[in-house]
Amino acid sequence: MFDFAELKTSYKSKGCGQITADDIGKSVKLAGWIESIRDHGGVKFIDLVDITGEIQVIFRADDGATEEITEWSTVQIEGEVRRRPEGTENPKIKTGNVEVIAKSLKVLSKSELPPFLPTERKEVSEEIRLKYRYIDLRREKMRRNIIGRHLVSKSIREKMWEEGFVEIETPYLTKSTPEGARDFLVPSRLQLGKFYALPQSPQLFKQILQISGFERYFQIVRCFRDEDLRADRQPEFTQVDIEMSFVTEEDIISLTERVLKHAFKKVLDIEVSIPFPRIKYSESIRRYGTDKPDTRIPIEVKDISEIFSNSKLDFIRKNLERRGKVLGFSIRDIEIPKSKLVNLESLAKSMGAGGLMWFVIKQNKIISSPVIKHIDDKENLEISKLCDGNGIVFAISDREERARDVSAKLIKYIAKEMNLYRSDTKFAFVWVVEFPLFSWDETENRYVSEHHPFTSPKEEDLEILETNPEKVRARAYDIVLNGEEIGGGSIRIHNSELQNKIFRILKLSDWEVQERFGWFLEALKYGAPPHGGIALGLDRLVAIMFGEDNIREVIPFPKTQSGSCLLTNAPSDVYKKQLDELGIKIKEE
RNA sequence: GGGGCUGUAGUUCAGUUGGUUAGAACGCCGGUCUGUCAAGCCGGAGGUCGCGGGUUCAAGUCCCGUCAGCCCCGCCA
């Protein structure tokens, strides 16, 4: 996968995995880790590994290499390369046709017995892997993921450079922006009581760089959000951050497609076809129940309220009276054991739905369902039609939004569990476009930005901006891969009047706007080019490319769900002196 | 903040209805062995059953609390 340059140093003449038949008869100096020792009394076989691979080293009893060796010690070995005797080749390894006859061995650092072995055949618990991450990172899969990640970054950089983008760094110690996620705060020692914030993204800096005239900016950059963790969310994560001037959506979208195509070709040697399909936000919600559809799954959500319009089921009738919906989805020609269906029902409940109805259908008839007694012949027929008379239909009666949300999650879960993916695409990209600009926030009783407050509304919706804000569509786009959002961006507002108008709709006071964004609004007054950009989530992208469903697997030193680093034990207490210097006192509970 | 799952040897796990001295595999240690590569063969050591409390004649097992890890909701693009 990765061709290392010849790893020659003062300690070694080349890497262990770099020895080939060309070296037969030559003396080599090697240094690495002892992965395994097979002691046959008169002869010892040692697998010596370094980052380039492994090589078998032979020690004979009379060789005088008497120093005691243990597995995973680092050693330096000098010896001669020879072809393996016939019949003893090992086709499983790259260097399996050759071996090194050791002339000398020097232990560089003796290893104690590691808590687990990098060659362990069974998966070790993640807790232990994270505590001894240096051992874990010696495992082949982790090496592949980390080097794979390097290759993704490298291929993206190459393409961005080629496309005329300038790589520019932006500050990590910056200003808190309470809109959106919670900030990580950094206390200022020089100005007691004041705080920097770590950036949630370099959003305003990259826009400022457009006003500065750089026209094409990118950066592979760490971002920070102090929110709860998930399998696909870490408090610090990496974005491929891109911004361009004098562009429309089309420019950003096609650039992103070219970059992703290049990365998949270079790293996985996979041709992804561009342009990617696009779906409007409203259509995605309607058909898939989510704004990040997994188009590998051939299952769609349907509004089947009509079928139940005269239902004998009380909870459905009441729900429909409250203008709720019955949404369903069907899977044709499938059998799921009843116990599994019951599990799915409790899963649906844990996702917030009141319940889940399922109908097992054979030969155009429902043969099993928890509500079968309350289904009349007409309903039976209509429901059976949904899966062409054979399969399973699921239905949720609830508030429309919740029914969609839970349906979408169940579809995703079932598809994964039962491997219901289309076979023609391993990587299914889709653009989701025409997001709403605002959504109504019940708890704050005001509109909030769906993307962020610098997103430009669609020009044709400007006239309803103040009269009908929830109908306004944004010039925003998300890129979704296999049902995961791997990036999103927008065309930005490039004039201060419109920007101010948006802030007013968001019910930010003039004072607040001035205090937080005054500097930015000022910048917009001095010749801002039309501009826009995108940010790609590198961790998620790499995870999907390498088939990992957890981004911790592609991050060398990730945090646990409670935000701890099990390797270093961060976060931790600090000395009182440090707090005093910052003017901070910890509240006693 | 909430729901679910998990925690037993270095590691991965088993442990019956609460009942004798808590088991297995791999790893480790000692021995043996000149062609192995998941080496083989013989022998051996290794346990705060996450932690605290309770119920009981008796707790790995039941109850309460707590800590840690994972998945999810809320939160978060």
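As the structure is a prediction and not an experimental result, all values here were calculated from the model. Just so it is clear: chains get the letters A, B, ... in the order the sequence lines come, proteins before strands, and each one is counted from 1.
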*asked:* Which residue is it: A:Arg143, A:Met142, A:Arg139, A:Lys141? I am looking for the one with a side-chain contact (heavy atoms from CB on, under 4.5 Å) to A:Pro118.
replied: A:Arg139
*Using a cut-off of strictly less than 4.0 Å, decide whether A:Lys409 has a side-chain nitrogen or oxygen near OP1 or OP2 of B:C73.*
yes
*If you measure from the C1' atom in B:G52 to the same atom in B:C67, how many Å do you get, rounded?*
10 Å
*Under 4.0 Å between a side-chain N/O of A:Ser562 and OP1 or OP2 of B:G69, yes or no?*
yes
*Which value, rounded to the nearest 0.5 Å, describes the distance between A:Ile156 atom CD1 and A:Leu260 atom CG?*
6.5 Å
_Output the rounded distance in Å from NZ (A:Lys131) to P (B:G10)._
12 Å
*Mind checking A:Thr88 for me? I need base, sugar-phosphate or nothing, with any heavy atom below 4.0 Å counting as a touch.*
base
_Face-to-face stacking of A:His451 with B:A77, centres under 5.5 angstrom, angle under 30°_ = no
*Could you tell me whether the phosphate oxygens of B:G35, OP1 or OP2, come under 4.0 Å of any side-chain nitrogen or oxygen in A:Asn90?*
no
*To the nearest angstrom, how far is A:Glu127 atom CD from B:G10 atom C1'?*
15 Å
*What one-letter contact string describes nucleotides 40-45 of chain B from 5' to 3', where B marks a base within less than 4.0 Å of any protein heavy atom, S marks contact via sugar-phosphate atoms alone, and - marks no contact?*
------
*Round to the nearest Å and state the distance from A:Ile128 atom CD1 to B:A9 atom P.*
9 Å
*asked:* For a quick check under 3.5 Å, do A:Thr170 and A:Gln219 share a side-chain donor-acceptor pair by atom type?
replied: yes
*asked:* Quick check on side-chain hydrogen bond (donor to acceptor under 3.5 Å, both in side chains): which of A:Gln207, A:Gln210, A:Lys206 does A:His531 satisfy it with?
replied: A:Gln207
*asked:* For B:U36, is there a stacking contact with A:Phe45, counting only centres under 5.5 Å and planes under 30°?
replied: yes
*Name the nucleic acid region contacted by A:Glu99, choosing base, sugar-phosphate or nothing; use a 4.0 angstrom heavy-atom cut-off, strictly under.*
base
